[in-house]
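Each chain gets a letter, A, B and so on, in the order its sequence line appears, and its residues count up from 1.
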Amino acid sequence: MSIRLNPNLLPDLLLSIQQSSQNQNIATQELASGKAVNQLSDNPAAASALVRNHDQTTQDDQFLQNITTLQTRFQTADSTLGNVVDILTRAISLGTEGANGTMTASDQAAIASEVQGLQTQLVGLANTSLQGTYLFAGTAVNTQPFTLNQATGAVTYNGNNGVVSSQLYTGDSIQTNVPGSQLFQNGAGDAFAALQNLASSLTSNTNIGAALTQVQNALSQVSVQRVFYGNALNQVSAGENFLNQDKLDLSSQENTLAGADLAAVASNLSQAETANQATIAATGRILSQPNLLDFITSAN
Amino acid sequence: MGSLNASLNIALQSMLAEQGAIETTTNNIANVNTPGYSRERADFAETPPLHIGDITLGTGVTLSDVQSLRDSILDLRVNQETQQQGQLNAFISGGQQIQTLFNETSGTGLQAPLTAFFTSLSQLSANPSDLNTRQGVITAAQNLASAFNQTSTNLTNLQRNVDQSVSQSVSQINTLTSQIAAVNIQVQSASTGGQNPGPFIDQRQQLINQLSNLVDVSEIDAGNGSLTLTTSTGAPLVVGGQSFQLTTQTDSTTGMQDIYSQGSNITSKISSGQLAGQLQIRDQEIPSIQNSLDTLASSLATSVNSQNAKGIDLNGQAGGNLFNPPPAGVTGAAATLSLATTDPTKIAASAGPAPGNAGDNTNANALLALQNQTIINGQTPLTYYSGLVFKIGNDLSNAQTSQQSGGLVLQQVQNLQGGVSGVDINEESANLIRYQNAYQASAQVSSIINTLLQDTINMVQ
């Protein structure tokens with residue numbers, strides 16, 4: 001004799017209807033959101049990795065934003081130094097002109113005054129500011145770095161020698177400034193004093209050659225320092241590439257962690273639908289199946 | 001020698017017995033959908049034979065017993081699985097509510113404000129003298145503090161709700177144990193009175209099953225059909241006709257309801273059923289998450305404060321606290337996290353020397369670097385938080401897996417139970433035909449005997 005089966009099949013049938021409906025819901029939810037992890041409990045490890053992934057992505061976005069700020073700063077500094085080079089070059093050609101000895105005294109005075117004007121322009125360039133902060137003041141960014149004494153023609157540096165470094169991304173920092181003192185007034189050549197000397201040499205028509213050498217020294221010094229900004233721009237754009245690549249990696253990681261395999265989900269959904277319909281049909285048939293009692297009554 | 005009268009008696013007795021069997025069958029069919037009903041079986045027995053000389057004559061049939069068919073071991077298994085399900089369901093319900101507070105997959109957790117705080121410092125590092133950027137740090141810190149406050153408060157509210165459910169569960173338990181005690185007496189008196197206690201046992205079993213959903217129940221057979229019910233650690237629930245009520249009392253340290261049985265606190269001894277699941281959420285899961293949040297908030301605030309103190313602010317002053325110092329002993333740090341200043345110049349981005357170093361970002365870099373330092377119990381803030389997220393998801397996911405597999409086991413045991421006790425209409429119909437045939441045959445027999453008696457009487461005339 002076989003084991004007596006549970007005559008009440010309904011709980012089993014209802015459970016499998018419930019399960020296939022639940023599978024339908026899960027698949028629909030995944031299709032709607034495009035995500036396989038919609039709640040922490042769907043995949044705790046993936047959810048936890050997503051927390052770090054989202055953090056890293058947001059950080060990368062911020063680093064990229066910082067890089068844009070740095071690029072603007074470096075470009076402004078670089079083009080300012082380009083103008084400084086132009087000014088010093090112009091001063092050298094003026095000085096050479098004044099040194100050839102064929103000038104009248106008044107021509108000489110005119111040249112001297114133009115050189116004086118160049119010095120004022122140079123001070124202006126050295127005081128370049130970007131978004132309210134001075135570019136060449138070291139870390140004293142709220143202090144105008146260079147002041148020109150109109151009476152003596154002497155230029156004083158009010159900034160400091162502080163250098164600033166910023167993270168391009170986690171683990172990579174870059175120096176982001178060169179103090180004005182180092183650019184314009186270092187041991188190898190003081191650009192302001194050189195122009196001042198050139199102007200007074202031209203006025204007095206003495207030692208013009210020596211004054212020219214000073215300007216040339218200052219010019220080569222500025223050119224050397226300018227390379228810093230060129231390099232920095234290169235480094236920053238390398239950082240930008242790295243971050244963009246990192247963001248791509250992170251987004252593909254996010255997709256791997258949490259993205260739904262839409263083809264698989266669609267097939268799951270249709271499987272769940274089929275299972276659900278089949279169970280409902282089976283339930284309907286079993287519930288309406290005739291039992292022995294039907295035959296007894298019909299026999300009478 | 002037999003007699004016609006004896007035969008008539010046998011036929012009549014047989015009709016009565018079949019009638020009883022038909023009644024039993026009818027009752028089974030009537031109760032086919034009654035929850036907890038166990039099918040009954042009519043047992044026939046020969047009546048004692050009559051010895052006349054060397055001849056032994058049968059004296060017919062009697063309905064000896066009507067038995068309820070049940071397997072008490074299966075009943076116990078169903079109750080055990082029901083306790084597990086009750087516990088897991090309550091835990092899952094609480095866990096799902098907790099999880100919505102940390103739903104990182106839809107971006108509603110603490111990761112966003114935590115990351116935003118550090119990116120605001122990253123921005124500060126790129127532009128340390130800019131007041132708007134500094135204001136951005138203050139705003140981000142404020143948002144972070146509110147996120148901690150909000151999450152912690154929501155957890156506390158959830159804990160209070162669960163605490164109310166605990167009280168409700170206790171009062172449901174008390175109602176059920178009173179009902180079980182009353183039925184227990186009926187089972188006992190039916191058993192000792194020689195009646196079929198089956199219907200009362202059905203009712204009691206049904207009530208014990210409901211009780212099992214709420215709390216861990218141990219059954220001890222007290223003899224005479226009576227059951228003694230205790231919790232698994234021995235706190236009495238029902239003894240004979242008496243039920244022992246559980247009571248609740250506010251715990252002076254936690255403010256939550258403790259559960260008492262006969263004057264002793266059994267809160268930590270409830271091991272299964274809905275009540276255990278609720279206590280697990282209230283006393284373990286939520287406090288553990290709160291503690292993690294407090295640790296995170298406290299260590300973060302302390303580290304930021306001490307790093308800020310190492311720098312020089314925009315006014316050339318040494319840096320002060322950005323966050324109000326968290327309470328000693330960590331507890332409550334997340335709920336009370338708040339800013340010590342809303343003045344953007346007070347962020348010490350520079351390392352000095354003061355003054356005139358507005359463009360220096362040395363200390364801003366150091367503040368930013370905290371995000372990659374192991375300042376929270378040996379982990380970085382984000383790693384620590386992602387660990388918490390994992391724990392919350394994993395606890396729930398484990399419970400869901402156990403609940404599903406346990407549900408299948410329960411279903412199987414219930415099927416086995418149904419195999420023993422369930423009413424099968426086909427079987428009952430077949431029985432009905434058997435009894436009907438026997439009844440009709442006996443009726444026919446009595447009519448034949450009646451004719452024979454008539455013949456005998458006619459013979460005399």
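- Comparing B/Val420, B/Asp130, B/Leu382 by heavy-atom pairs within less than 4.5 Å of chain A, the highest count is held by B/Leu382.
- The residue from A/Val236, A/Leu64, A/Asn66 that alone fulfils the side-chain contact (heavy atoms from CB on, under 4.5 Å) condition with A/Leu168 is A/Val236.
- Listed options A/Val51, A/Asn160, A/Val163 were ranked by heavy-atom pairs under 4.5 angstrom with chain B; first place goes to A/Val51.
- The aromatic rings of A/Tyr157 and A/Phe146 sit tilted relative to each other, their planes meeting at an angle between 30° and 60°.
- One finds the CG atom of B/Asn127 at 9.5 Å from the CG atom of B/Asn132 (value rounded to the nearest 0.5 Å).
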Step by step, would you call B/Glu285 with B/Lys391 a salt bridge (charged side-chain N to carboxylate O under 4.0 Å, His left out)?
CA-CA 10 Å; B/Glu285 193 71 3; B/Lys391 177 209 153 58; 3.8 Å; yes
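- If you measure heavy-atom distances from B/Asn372 to chain A, the contacts under 4.5 Å come from the side chain alone.
- Note that the OG atom of B/Ser68 and the CD atom of B/Glu40 stand 4.5 Å from one another [nearest 0.5 Å].
- For B/Leu408, the part sitting under 4.5 Å from any heavy atom of chain A is the side chain, from C-beta outward, and nothing else.
- With a 4.5 angstrom heavy-atom cutoff, B/Val32 does not touch chain A via any of its atoms.
- With chain B as partner, the option from A/Asn8, A/Leu50, A/Leu9, A/Val37 having the largest number of non-hydrogen pairs under 4.5 angstrom is A/Val37.
- Ion pair A/Lys247/A/Glu254 not flagged as a salt bridge, since none of the NZ, NE, NH1 or NH2 atoms sits closer than 4.0 Å to an Asp/Glu carboxylate oxygen.
- The pair B/Asp202-B/Arg70 meets the salt-bridge criterion, since a charged nitrogen lies less than 4.0 angstrom from a carboxylate oxygen.
- Note on A/Thr170, A/Asp12, A/Asn291: by heavy-atom pairs under 4.5 Å with chain B, the leading option is A/Asp12.
- Top candidate by heavy-atom pairs under 4.5 Å with chain A, chosen from B/Ile433, B/Thr100, B/Asn394, is B/Asn394.
- Counted by atom type alone, B/Thr115 and A/Asp55 present one or more donor-acceptor pairs between their side chains at under 3.5 Å.
- Using a 4.5 Å cut-off between heavy atoms, B/Glu428 makes no contact with chain A at all.
- Only the side chain of B/Leu368 comes within less than 4.5 Å of a heavy atom of chain A; its backbone N, CA, C and O stay farther away.
- Contact annotation for B/Ser122: both backbone and side-chain heavy atoms come within less than 4.5 Å of a heavy atom of chain A.
- Both the backbone and the side chain of A/Gln59 have a heavy atom closer than 4.5 Å to some heavy atom of chain B.
- At a 4.5 Å heavy-atom cutoff, A/Gln56 makes no contact with chain B through either its backbone or its side chain.
- Within residues 133-145 of chain A, the residues having any heavy atom under 4.5 Å from a heavy atom of chain B are, by residue number, A/Thr133, A/Thr139, A/Ala140, A/Val141, A/Asn142.
- Both the backbone and the side chain of A/Ala45 have a heavy atom closer than 4.5 Å to some heavy atom of chain B.
- Taken to the nearest 0.5 Å, the CD atom of A/Gln235 stands 10.5 Å off from the CG atom of A/Leu70.
- Counted within 6.0 Å of CG on B/Asn33, heavy atoms from surrounding residues, nucleotides or ligands total 12 or fewer; the atom is thus considered open.
- Taking chain A as the reference chain and counting heavy-atom pairs below 4.5 Å, the highest number among B/Asn398, B/Thr362, B/Asn361 is found for B/Asn361.
- In terms of heavy-atom pairs under 4.5 Å with chain A, the best-connected choice from B/Gly387, B/Ser129, B/Gly407 is B/Ser129.
- Residues of residues 172-183 of chain A lying under 4.5 angstrom from chain B, judged on non-hydrogen atoms, do not exist.
- Interface residue B/Phe102: backbone and side-chain heavy atoms are both found under 4.5 Å from chain A.
- Side-chain contact check for B/Arg434 and B/Asn431: at least one donor-acceptor pair (N or O, by modelled atom type) lies under 3.5 Å.
- Across all their heavy atoms, B/Ala349 and B/Arg134 have their closest contact at CB-NH2, 3.5 Å.
- Using a 4.5 Å cut-off between heavy atoms, B/Ala430 contacts chain A through both its backbone and its side chain.
- Heavy atoms closer than 4.5 Å to chain A are found in the side chain of B/Asn365, but not in its backbone.
- Both the backbone and the side chain of B/Gln123 come within less than 4.5 Å of a heavy atom of chain A.
- For the residue pair A/Asn38/A/Ser33, the side-chain donor-acceptor check at 3.5 Å is satisfied.
- Here the closest non-hydrogen pair linking B/Gln400 and B/Ile92 is CA-CD1, 3.7 Å.
- A/Asn6 and B/Gln414 get closest at one heavy-atom pair: ND2-O, 4.0 Å.
- Counting only N and O atoms by type, the side chains of A/Gln167 and B/Ser125 include no donor and acceptor under 3.5 Å apart.
- Comment: B/Glu427 engages A/Arg4 in a salt bridge, judged by a side-chain N to carboxylate O separation of less than 4.0 angstrom.
- In this structure, CG on B/Leu101 lies 5.5 Å from CG on B/Leu155, to the nearest 0.5 angstrom.
- Of the inter-residue distances, the one linking A/Thr58 atom OG1 with A/Asn53 atom CG reads 9.0 Å to the nearest 0.5 angstrom.
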